[in-house]
Amino acid sequence: MQKLIQSQREFFNTNTTKNLKFRIQQLNKLYYLLKDNEQLLFDAIYKDFKKSEFDTYVSELALVYHDIKDAKRNMYKWGRREKVATNLLNFPAKSYIIKEPMGVCLVIGAWNYPYQLSLAPAVAALAAGNTVILKPSELPAETSKVMAQLINSSFDPTIFKVVEGGVDETTELLEQDFDKIFFTGSTKVGKIVYKAAAKNLTPVTLELGGKSPAFVTKDCNLKISVKRLVWAKFLNAGQTCIAPDYVLVEKEIEQKFLNALKAEIEKEQFAIANHNYVQIINTDNFERLEKLIAPAKIFYGGTTDASERYIEPTILQNATFEDASMQEEIFGPVLPVLTYTNLDEAIAKVKRLPKPLSAYVFTSSAENREKVLQQLSFGGGAINDAVMHITNPKLPFGGIGNSGIGSYHGKAGFDCFTHPKSILQKATWLELPLKYFPHSKSRLQWIKRTMKLQ
Ligand code: NAD
């Protein structure tokens with residue numbers, strides 16, 4: 001690992017990556033590598049957890065392709081020196097910000113969208129002129145293998161290298177000195193990464209998880225709200241970091257809402273055979289999820305099959321904040337439905353939990369919408385929709401508090417792998433004497449005046 005990092009650092013120090021043409025070449029190489037090998041990528045992920053070609057394209061590859069195109073289109077604009085005004089005190093001078101790549105970056109991926117979560121940060125890092133070591137999650141073993149095979153046989157390891165492995169390999173990587181660490185995964189491991197990074201004062205971006213609430217008020221458009229909620233929750237069998245984790249519905253429409261949920265799930269016919277559903281990633285997660293389904297609270301679903309790692313879309317009714325399903329991020333196809341009569345009280349209860357990665361409000365009322373937006377702190381979210389905010393690259397994507405540090409996608413991704421180096425460039429034809437000895441009252445007055453403090 002040390003040798004690999006050393007070789008990347010030596011290459012970075014040649015300044016080659018600072019050249020925009022070079023960066024575009026790397027992005028093109030990655031683009032065609034993925035395009036030309038799509039079938040391999042589809043086959044690998046199907047082996048891992050039976051994710052269909054449609055879902056893999058829409059929720060993984062399309063986002064990576066889009067990120068590559070977006071970065072290529074905007075790289076010059078994002079990366080050029082940014083002129084800023086100079087304050088009077090520094091006259092005569094000009095001021096600007098140099099967008100400096102950070103250097104050797106470590107990207108650690110999560111398993112639930114194994115291509116997107118590994119490759120999108122790598123694209124941002126390469127676009128910003130860095131070298132990258134990518135450690136995909138080991139849980140989807142086939143996707144990890146195919147990414148390693150493709151990337152390691154096409155890229156110079158001093159620019160972009162995949163290192164496969166689990167806890168041991170990641171721990172060893174984290175002992176090394178990187179210029180930036182970008183981690184996607186659980187809050188628990190995020191803390192391990194943060195601690196390891198602190199040793200070298202390495203800057204981090206942590207994309208973590210949490211329990212993302214969905215508020216449903218009685219004045220919402222029920223039909224559309226339920227349709228969008230059901231899609232967002234059961235996409236990838238609920239194994240989505242920004243899936244609505246639980247619903248808080250206004251008591252008055254509880255029964256109507258539950259019935260509409262049931263009808264929509266039945267209409268969608270979620271099944272692996274229909275290519276719109278996936279397996280639970282492994283037995284540990286399957287068993288963990290089974291324990292969250294309290295039989296007495298099942299309103300819909302509840303069927304499981306251990307041999308297939310299958311859990312039916314499941315709705316829990318009369319859920320409370322004390323239930324097992326409300327003690328941890330669900331990260332599976334189980335949706336607890338809680339009720340409220342007073343929105344302020346409901347928000348106050350959510351505020352007692354760690355800050356979530358996302359929050360959603362289904363409502364026609366501006367007052368209700370603003371209540372949630374202004375009172376609750378969360379990474380990002382949507383009004384009258386769920387999950388889809390991730391598809392707009394103009395919206396920085398990331399958490400707050402326990403759900404993460406920093407953000408990416410689009411320009412935010414470029415920025416998160418870039419150091420803004422601020423420069424004051426002074427002219428030499430004039431030197432104002434104000435700051436020099438001897439100090440006097442009148443000089444102090446002038447300083448105050450030029451700093452507009454008077
Ligand atoms: P995880 O934290 O178990 O694993 C993430 C990565 O960390 C993997 O590459 C794994 O190999 C590595 N890792 C695991 N244990 C480690 C240890 N002890 N020391 C060092 N490295 C270790 O997370 P996961 O199960 O892959 O993903 C699920 C979590 O990720 C959920 O909480 C989900 O919400 C979150 N997530 C967040 C985002 C986001 O964009 N914010 C996206 C997807 C998933």
Side-chain angles (χ1 to χ4, degrees), residues 1 48-49 59-60 63-64 67 106-122 124 133-141 143-144 147-148 162-176 178 181-197 204-212 233 235-245 280-286 288-289 327-332 354-359 378-381 387 389-391 395-409 412-413 416:
M1 305 265 187
D48 280 329
F49 59 119
S59 68
E60 307 234 22
L63 286 132
V64 178
D67 278 2
L106 172 64
V107 172
I108 303 174
W111 59 262
N112 53 329
Y113 290 85
Y115 296 132
Q116 191 223 124
L117 297 173
S118 296
L119 297 175
I133 293 173
L134 165 63
K135 209 298 291 178
S137 169
E138 73 283 19
L139 297 191
T143 57
S144 171
M147 279 191 279
V162 176
V163 173
E164 286 193 275
V167 176
D168 292 346
E169 291 77 4
T170 319
T171 307
E172 196 185 334
L173 276 169
L174 288 170
E175 280 161 10
Q176 315 304 318
F178 286 94
I181 299 176
F182 187 106
F183 171 81
T184 305
S186 60
T187 303
K188 185 179 131 216
V189 180
K191 288 179 184 174
I192 296 174
V193 172
Y194 204 10
K195 213 169 168 180
V204 293
T205 299
L206 301 177
E207 294 284 340
L208 311 177
K211 288 184 83 62
S212 300
K233 176 69 191 185
L235 172 74
N236 218 31
Q239 301 168 113
T240 303
C241 57
I242 48 173
D245 187 274
I280 303 305
I281 187 69
N282 61 9
T283 306
D284 283 356
N285 273 290
F286 175 84
R288 178 185 64 78
L289 284 163
Q327 306 313 308
E328 59 181 80
E329 180 183 1
I330 294 173
F331 219 55
K355 293 178 182 179
L357 183 57
S358 299
F378 55 94
V387 169
H389 59 298
I390 198 173
T391 62
L395 291 172
F397 178 81
I400 177 165
N402 267 30
S403 57
I405 295 175
S407 55
Y408 76 128
H409 289 177
C416 104

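Both ligands and their constituent atoms are indexed starting at 1 by order of listing.
- The heavy atom nearest to atom 8 (C) of ligand 1, out of those in Ser212, Gly109, Ala110, Gly398, is found in Gly109.
- Within ligand 1, counting atoms from 1 as listed, the ones closer than 4.0 Å to a heavy atom of Lys135 are 8 (C), 9 (O), 10 (C), 11 (O).
- Contact check for Ser403 versus Phe378: no side-chain heavy atoms found under the 4.5 Å cut-off.
- With sequence neighbours excluded, no residue satisfies side chain to side chain donor-acceptor pair (under 3.5 Å) with Glu172.
- Each of the following atoms of ligand 1 lies closer than 4.0 Å to a heavy atom of Phe183: 2 (O), 5 (C), 6 (C), 7 (O).
- Distance from atom 16 (C) of ligand 1 to its nearest protein heavy atom, with residue and atom name: Val189 CG1, 3.6 Å.
- Formation of a donor-acceptor pair under 3.5 Å by the Glu60 side chain with backbone atoms of Tyr115 is found in this model.
- When distances from atom 34 (O) of ligand 1 to the protein are checked, a heavy atom turns up under 4.0 Å.
- Within the 4.5 Å cutoff, side-chain heavy atoms of Met147 are placed close to those of Leu119.
- Contact atoms of ligand 1 toward Thr184: 5 (C), 37 (C), 38 (C), 39 (C), 40 (O), 42 (C), 43 (C) (distance under 4.0 Å to a heavy atom of the residue).
- In terms of modelled atom types and a separation under 3.5 Å, the side chain of Asn112 and the main chain of Gln239 share a donor-acceptor contact.
- Distances below 4.0 Å separate heavy atoms of Leu208 from the following atoms of ligand 1: 37 (C), 38 (C), 39 (C), 41 (N).
- The line from CZ of Phe331 to CD1 of Ile280 is 10.0 Å long, rounded to the nearest 0.5 Å.
- Applying the 4.0 Å criterion to heavy atoms of Asn112 picks out, from ligand 1, the atoms 43 (C), 44 (C).
- Ligand 1 places these atoms under 4.0 Å from at least one heavy atom of Thr170: 11 (O), 20 (C), 21 (N).
- The nearest heavy-atom contact from the protein to atom 40 (O) of ligand 1 is Phe397 CE2, 3.3 Å.
- The nearest pair of heavy atoms linking Pro140 to Trp111 is CD-CB, 3.4 Å.
- To the nearest 0.5 Å, atom CG of residue Asp245 and atom NZ of residue Lys233 are 5.0 Å apart.
- For atom 23 (O) of ligand 1, the closest heavy atom belonging to the protein is Ser186 N, 3.3 Å.
- Contacts with ligand 1 closer than 4.0 Å are made by no heavy atom of Leu139, backbone or side chain.
- Side-chain contact between Pro136 and Thr143 is absent, with no heavy atoms from C-beta onward closer than 4.5 Å.
- Among all protein heavy atoms, the one lying closest to atom 28 (C) of ligand 1 is Phe331 CE2, 3.6 Å.
- Annotation for ligand 1: atoms under 4.0 Å from non-hydrogen atoms of Ile192 are 18 (N).
- The nearest protein atom to atom 42 (C) of ligand 1, hydrogens excluded, is given as Cys241 SG, 3.1 Å; this is a heavy-atom distance.
- Residues His389 and Ser358 have side chains in contact (heavy-atom distance under 4.5 Å, counting atoms from C-beta outward).
- The closest approach between Gly399 and ligand 1 stays at or above 4.0 Å for every heavy atom of the residue.
- Between the side chain of Glu169 and the backbone N or O of Val163, no donor-acceptor pair lies under 3.5 Å.
- Contact between Gly379 and Ile400 at its shortest, heavy atoms only, is N-CG2, 3.7 Å.
- Looking only at protein heavy atoms, the nearest one to atom 31 (C) of ligand 1 is Glu329 OE1, 3.5 Å.
- In this structure, Tyr408 and Thr205 have side chains that are not in contact, with every pair of non-hydrogen atoms separated by 4.5 Å or more.
- Using a non-hydrogen distance threshold of 4.0 Å, Tyr113 does not register as a contact of ligand 1.
- Ranking protein heavy atoms by distance to atom 10 (C) of ligand 1, first place goes to Glu138 OE1, 3.5 Å.
- Near Ile108, with a cut-off below 4.0 Å to any heavy atom, the atoms of ligand 1 are 6 (C), 7 (O), 9 (O).
- Here the protein heavy atom with the shortest distance to atom 30 (O) of ligand 1 is Gly185 C, 2.9 Å.
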